[in-house]
Amino acid sequence: MEPTDLDELDGLPTWRCAEGRPLVPGLVALERLGVGHRTETWLAWSLELWHPAIVKLARPHQVSHPRAARSMRREARALRCGHPALPRLLDDHTGAPLPHVVLEYVDGEPFADVVDEGGALPPADVAMLAARLAPPLLHLHRTGLAHLDVKSENVLLREGCPVLVDFGSSREIGRRQPAGRPVGTPGYAAPDQEACRPVSAAMDYFGLGTVLAEALTGRPFPEVTALPATPVTPLVRVLLDPDPERRGSPDALLRGAAAACREAPWPSCLGRGRERDRVV
């Protein structure tokens with residue numbers, strides 16, 4: 001593997017590895033899936049598991065940069081929380097000469113593509129999407145972490161069920177953001193996140209609201225100007241409130257999602273969010 005390719009966007013080096021050639025020990029390259037500021041993501045084949053896997057590794061110019069390894073360590077920590085709607089962490093090699101992590105391959109279509117190709121979803125499906133995305137987020141928050149880049153591109157639909165991916169931006173709740181350098185994607189990050197306020201769970205609530213707004217309108221979130229009147233719309237408006245204090249609580253989020261669903265999204269004996277500790 002050689003650092004001979006240059007990324008089209010930033011002009012900085014990326015790894016070149018032909019299909020079937022060793023990518024990192026025990027995994028052979030299949031396809032490069034994406035390039036970030038510090039890391040790149042590959043679809044690979046695990047020789048041990050005899051199964052596809054995702055490898056996230058430091059870019060050539062970032063191999064010795066501590067921030068690249070820290071980014072992958074944050075992702076590894078987040079995925080250790082073990083919720084079924086999150087990818088599994090298979091290996092953590094962030095201390096290796098070429099820092100990398102190995103993640104479960106989620107065979108699913110990005111929700112952003114689903115909306116782009118199919119348009120708006122029925123309100124009942126949007127409500128179920130909220131009910132299925134809220135629990136992994138709330139579980140992550142209970143471990144002390146926030147995702148900070150919840151958007152439709154980071155939600156994959158696996159057999160119709162959403163899986164939240166890409167935890168490279170995750171941070172500890174309460175941690176301060178560097179002044180003038182907010183974490184997340186511009187246009188999708190909450191106003192308080194863009195203002196570099198300390199990390200909070202409410203920032204992820206806003207991110208969830210952007211996903212649901214796209215599902216309701218069939219348009220990318222920055223282009224959403226109005227929401228249709230549906231049973232799930234009040235929940236989406238709460239999540240997108242500019243004031244993080246008004247975005248609700250875990251209990252309110254679960255109740256709101258369940259109330260908008262035609263059928264209970266979890267066993268009826270648990271009520272509609274009243275026993276959230278058992279749900280998340």
Side-chain angles (χ1 to χ4, degrees), residues 9-10 34-39 41 62 65 67-68 70-75 77-78 86 110-112 115-116 126 129-130 133-134 136-138 140-156 162 164-227 232-250 252-253 256-257:
L9 295 180
D10 62 21
V35 178
H37 179 59
R38 303 190 185 280
T39 62
T41 303
Q62 293 283 328
H65 200 299
R67 289 185 178 174
R70 281 202 297 267
S71 172
M72 289 182 282
R73 288 192 191 104
R74 287 195 298 267
E75 186 146 13
R77 177 185 168 187
L86 305 179
F111 185 67
V115 172
D116 185 53
V126 179
L129 179 67
L133 277 177
L137 267 182
L138 300 180
L140 178 67
H141 297 161
R142 290 175 63 186
T143 70
L145 295 173
H147 185 285
L148 297 185
D149 201 19
V150 180
K151 57 183 180 181
S152 58
E153 290 182 356
N154 287 338
V155 175
L156 301 181
L164 185 63
V165 300
D166 197 349
F167 288 77
S169 296
S170 61
R171 298 289 193 279
E172 295 84 0
I173 292 174
R175 178 176 176 176
R176 292 186 177 276
Q177 297 185 76
R181 291 163 50 198
V183 179
T185 302
Y188 289 85
D192 40 309
Q193 191 171 332
E194 293 274 16
C196 293
R197 293 179 60 180
V199 173
S200 71
M203 295 174 179
D204 282 348
Y205 292 0
F206 187 94
L208 176 58
T210 71
V211 175
L212 302 180
E214 289 192 10
L216 276 176
T217 64
R219 302 179 64 82
F221 175 72
E223 299 177 10
V224 174
T225 57
L227 297 175
V232 75
T233 299
L235 171 64
V236 181
R237 293 190 192 282
V238 168
L239 294 173
L240 293 176
D241 196 301
D243 185 348
E245 299 296 328
R246 295 202 297 258
R247 288 181 204 141
S249 65
L253 175 52

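Using a 4.5 Å heavy-atom threshold, the side chains of Q193 and Q177 count as touching. In this structure, L253 and L239 have side chains that are in contact, with non-hydrogen atoms separated by less than 4.5 Å. In this structure the side chain of T39 never reaches within 4.5 angstrom of the side chain of Q62, judged on heavy atoms.
For Y188, the side-chain hydrogen bond (donor to acceptor under 3.5 Å, both in side chains) partners at least two apart in sequence or on another chain are E214. When the salt bridge (Lys or Arg N to Asp or Glu O under 4.0 Å) test is applied to E223, the partners found at least two apart in sequence or on another chain are R219. Applying the side-chain hydrogen bond (donor to acceptor under 3.5 Å, both in side chains) rule to R77 yields the partners E172; only residues at least two apart in sequence or on another chain are considered. Remark: R74 pairs with no residue by the side-chain hydrogen bond (donor to acceptor under 3.5 Å, both in side chains) rule, at least two apart or across chains.
To the nearest 0.5 angstrom, L133 atom CG is 10.5 Å from L138 atom CG. We find the CG-CZ distance between L208 and R247 to be 11.5 Å, quoted to the nearest 0.5 Å. A distance of 5.0 Å separates CG in L240 from CZ in F206, rounded to the nearest 0.5 Å. Rounding to the nearest 0.5 Å gives a distance of 5.0 Å between CZ of R38 and NE2 of H65. Within the model, atoms CG of L148 and CZ of R175 stand 10.0 Å from one another, a figure rounded to the nearest 0.5 Å. The CG atom of L140 sits 7.0 Å away from atom CG of L86, with the distance rounded to the nearest 0.5 Å.
Checking each of L164, L129, V236 against V211 for a side-chain contact (heavy atoms from CB on, under 4.5 Å) leaves exactly one that passes, namely L129.
Scanning all heavy atoms of the two residues, the minimum distance from C196 to P178 falls at SG-O, 3.4 Å. When all heavy atoms are compared, the tightest approach of A130 to L212 is CB-CD1, 3.7 Å.
Residue pairs meeting the side chain to side chain donor-acceptor pair (under 3.5 Å) criterion with at least one partner in residues 194-204, sequence neighbours excluded, are H141-D204.
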Kindly list each side-chain donor-acceptor pair under 3.5 angstrom involving residues 179-187, sequence neighbours excluded, with atom names and distances?
residue : atom : partner : partner atom : Å
T185    : OG1  : D149    : OD1          : 2.7
T185    : OG1  : K151    : NZ           : 2.8

